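For clarity, every value in this text was computed on a predicted model and none was experimentally measured. The residues of the chain are indexed from 1 along the displayed sequence.
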Amino acid sequence: MSHIAGDQWVPQRREEPLQRLLFGGVYGTVLASALAAALDQDGSGPSNPGYDALWVLVASLAGAASHGYAHAIAHRTAGEQRVTARTVRSVLTEWPLVAAAVPTLAALLGAAAGWWSEVGGINVALGINTAALFGWGLWAARVAGLAWPAACRVGSMDVLLGLFIVAANILSH
């Protein structure tokens with residue numbers, strides 16, 4: 001959206017889409033990391049990173065759809081009794097959650113193509129996602145108006161989510 005103030009065109013930010021972008025980025029990254037780590041076969045059966053990638057995609061699509069639908073239902077008016085265009089838009093605005101899973105999907109599909117092992121693909125995904133969590137936290141903090149040192153602290157706290165998944169993956173083997 002935008003408006004004209006005096007003689008100048010002034011863009012206006014819509015806060016809700018930005019919040020959904022940042023939420024979806026963090027949530028999607030954590031979800032994809034946890035799924036990839038959980039689907040790791042650890043040598044107990046045949047490796048199938050393509051299957052793992054499919055489930056990361058299915059879970060991120062289901063997570064995005066359910067969050068968007070729940071958001072629409074929570075803001076539904078008393079008289080509405082059917083799915084509306086607003087509900088569909090709410091579901092579609094959860095695209096950042098799915099987009100955040102793309103690095104994990106790429107790493108797993110690289111393993112399926114034989115570029116590296118399944119474990120290697122998962123390690124690549126966890127490394128990229130942990131770095132992405134820092135970026136999501138840094139961006140969210142800067143958007144909220146925090147100075148660079150404080151924003152780096154927020155990003156570092158988000159990194160702890162990624163390191164928690166890495167540690168859980170290591171301890172589960």
Side-chain angles (χ1 to χ4, degrees), residues 16-74 83 87-143 151-173:
E16 184 177 331
L18 184 59
Q19 290 170 348
R20 282 191 178 195
L21 173 68
L22 296 170
F23 167 83
V26 171
Y27 185 72
T29 302
V30 170
L31 176 68
S33 296
L35 278 166
L39 291 168
D40 179 9
Q41 295 293 322
D42 72 2
S44 62
S47 173
N48 192 346
Y51 175 84
D52 296 351
L54 174 65
W55 276 105
V56 168
L57 178 62
V58 167
S60 65
L61 288 169
S66 63
H67 187 264
Y69 183 72
H71 189 81
I73 294 301
V83 174
T87 302
V88 172
R89 276 193 307 275
S90 181
V91 170
L92 293 176
T93 59
E94 297 300 326
W95 67 265
L97 195 151
V98 178
V102 169
T104 302
L105 292 171
L108 291 171
L109 291 173
W115 297 346
W116 44 69
S117 68
E118 178 185 37
V119 171
I122 290 168
N123 290 340
V124 166
L126 293 177
I128 289 170
N129 290 350
T130 300
L133 285 168
F134 177 81
W136 286 118
L138 181 75
W139 185 18
R142 291 295 295 159
V143 166
C152 287
R153 285 192 297 275
V154 171
S156 297
M157 293 305 294
D158 279 8
V159 164
L160 292 178
L161 295 170
L163 293 177
F164 173 74
I165 295 168
V166 169
N169 188 43
I170 291 169
L171 293 173
S172 69
H173 293 294

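- In this structure, L92 CG and T87 OG1 are separated by 11.0 Å, a value rounded to the nearest 0.5 Å.
- Between the CG atom of L109 and the CG atom of L57 there is a distance of 9.0 Å, given to the nearest 0.5 Å.
- Contact between L22 and W139 at its shortest, heavy atoms only, is CD2-CE3, 3.6 Å.
- At a threshold of 4.5 Å between non-hydrogen side-chain atoms, the residues V98 and E94 do not count as touching.
- The heavy-atom pair separating S47 from P49 by the smallest distance is OG-CD, 3.5 Å.
- Between L35 and W55, the closest heavy-atom pair is CD1-O, 4.2 Å.
- A donor-acceptor pair under 3.5 Å links the side-chain atoms of W116 to the main chain of A107, judged by distance alone.
- Between the side chain of R20 and the backbone N or O of G68 there is no donor-acceptor pair closer than 3.5 Å.
- Taking every heavy atom of both residues into account, V56 and A36 meet most closely at CG2-N, 4.2 Å.
- G25 and A100 get closest at one heavy-atom pair: O-CB, 3.5 Å.
- F134 meets the ring-ring contact (aromatic ring centres under 6.0 Å, His included) test with no other residue; sequence neighbours excluded.
- Contact record, G121 with A111: CA-CB, 4.4 Å, taken as the closest heavy-atom pair.
- For the atom pair NE2 of H67 and OG1 of T93, the computed distance is 9.0 Å after rounding to the nearest 0.5 Å.
- Atom-to-atom distance recorded for D52:CG and T104:OG1 is 11.0 Å, nearest 0.5 angstrom.
- One finds the CZ atom of R153 at 12.0 Å from the CG atom of L138 (value rounded to the nearest 0.5 Å).
- Annotation: side-chain contact (heavy atoms from CB on, under 4.5 Å) contacts of L97 (sequence neighbours excluded): Y27, L31, S60, A64.
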Could you go through residues 157-171 and list every donor-acceptor pair under 3.5 Å that involves a side-chain atom there, pairing it with any protein atom two or more places apart or in another chain?
from: D158; atom 1: OD2; to: G137; atom 2: N; distance (Å): 3.3
from: N169; atom 1: OD1; to: H173; atom 2: NE2; distance (Å): 3.1

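- Between the CG atom of L61 and the OG atom of S66 there is a distance of 10.5 Å, given to the nearest 0.5 Å.
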